[in-house]
Amino acid sequence: ESSTMALASGSILTTHVLNTANGIPAAHLGLSIHRADSVHSEWNFVSTGITNSDGRCFNLLTSETFTPGIYKIRFETGDYWNKLGEVGFYPYVEIIFNITDPTQKHHLPLLISRFSYSTYRGS
């Protein structure tokens, strides 16, 4: 537990993905972080990550890589279901959100099944 907290301590953005269809963490799910460029109306790549065996991913956005703005996390849910030998309805899930205060931690859990997903701002 202390190593988990140490990993997350410098992280402004974390996530936790749960496979609610099977009641397990969504382990080894790929994701990427992007920041909106309002001048050019495009998304700029920031970082990638893969959830650990507990479905968690830390250090997606650190104080060194942070600038205030609109971000998105793209979760590769289609690849995840394919690895389980299943077919999901959503090839990926994108969550778009605004971060203005680097002193706050932002935790975005994602609950997935093959035919639905849900998210919220966690703590």
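What you see is a predicted model, and the numbers here were worked out from it, not measured in a lab.
Side-chain N or O atoms of Ser11 include one that pairs as donor or acceptor with a backbone N or O of Asn59 at under 3.5 Å.
The neighbour count for Phe89 CZ, taken as heavy atoms of other residues, nucleotides or ligands under 6.0 Å away, does not exceed 12. Within 6.0 Å of CD1 in Ile50 there are 12 or fewer heavy atoms belonging to other residues, nucleotides or ligands.
Between the side chains of Thr51 and Arg56, no donor-acceptor pair is found at a separation under 3.5 Å. No side-chain donor from either of His16 and Thr14 sits under 3.5 Å from a side-chain acceptor of the other.
Residues Ile12 and Lys105 fail the side-chain proximity criterion, which asks for heavy atoms closer than 4.5 Å. You'll find the side chain of Asn82 stays beyond 4.5 Å of the side chain of Leu84, heavy atoms only. Contact check for Asp37 versus Trp43: no side-chain heavy atoms found under the 4.5 Å cut-off. Considering only heavy atoms from C-beta on, Thr48 stays 4.5 Å or farther from Ile33 through its side chain. With contacts defined as side-chain heavy-atom distances shorter than 4.5 Å, the pair Thr77/Tyr117 does not qualify.
Summarising the geometry of Glu76 relative to Tyr92, their closest heavy-atom pair is OE1-CB, 4.1 Å, with the distance given to 0.1 Å. In plain terms, the two heavy atoms of Leu13 and Phe97 that are nearest each other are CD2-CZ, 3.8 Å. Smallest separation of non-hydrogen atoms from Pro109 and Thr119: O-OG1, 2.6 Å.
By the side-chain hydrogen bond (donor to acceptor under 3.5 Å, both in side chains) test, Lys83 pairs with no residue at all, sequence neighbours left out.
Arg114 contributes atom CZ, which lies 5.0 Å from atom CD of Glu86 (distance to the nearest 0.5 angstrom).
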Tell me, with the steps shown, if Asn19 and Tyr80 meet side chain to side chain donor-acceptor pair (under 3.5 Å). CA-CA 10 Å; Asn19 172 341; Tyr80 171 77; 3.1 Å; yes
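Between His34 and Phe45, the angle of the ring planes goes over 60°, which puts this pair in the perpendicular group of the 30/60° scheme.
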